[in-house]
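Below is one structure, written out as structure tokens, with a few remarks after it.
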Amino acid sequence: MTQPPAAKTKQKKDARDLRAEALKIANTIKTEGQTPVETKAIANGIQRGMEMFLRQQSEKTRELDKRVKKVKQLSNQITQQKPADEKEVNITVQTNPHLPWVLLALSWGLFLVVGAVKAFI
């Protein structure tokens, strides 16, 4: 059995594939009277262009991966903070269970006082 190719071998294979593809493209656009040296020079230019394009694409991919990682970290931080906020709200709600009853009694007391004052006037 063969071992999986190392990263370096894969890069060399990609470069060989690019070289072959560039030569194929150069041969398809070959004009009449063009020498093999000129065709080879054109193929080298096409290969450089393809390599530059691939580098730009991998840079964009790395940048996108960085952004995705940053967004995931921020979302994880937000989700970790939410339960703490909810616990604080629950504590606040549980500490004042008598407040509505006190306000109800106060309002009825004021209604009675205002009613008694109006009865005397």
### Joint hydrophobic cluster, V37 plus I29, side-chain heavy atoms closer than 4.5 Å
no
### Query
Can you tell me how far the NZ atom of K40 sits from the CG atom of L23, to the nearest 0.5 Å?
6.5 Å
### Task
Rounded to the nearest 0.5 Å, what's the gap from CD1 on I78 to CD on Q80? Could you check?
10.5 Å
### Task
Report the distance from atom CD of Q47 to atom CG of D17, rounding to the nearest 0.5 Å.
10.5 Å
### Closest non-hydrogen atom pair, T39 against A26
O-CB, 3.8 Å
### Query
What's the spacing between L74 CG and K69 NZ if we round to 0.5 Å?
12.5 Å
### Query
Side chain of T31, backbone of Q34: donor and acceptor closer than 3.5 Å?
no
#### Entry: Gap between atom CG of L54 and atom CG of L18 - 0.5 Å precision
5.5 Å
### Task
With the side chain counted from C-beta on, respond yes when S107 and L104 share a heavy-atom pair under 4.5 Å apart, and no when they do not.
yes
### Message
If the threshold is 4.0 Å, N to carboxylate O, is there a salt bridge linking R67 and E63?
### Response
yes
#### Entry: Hydrophobic cluster (4.5 angstrom, side-chain heavy atoms) - remaining members for V114
none
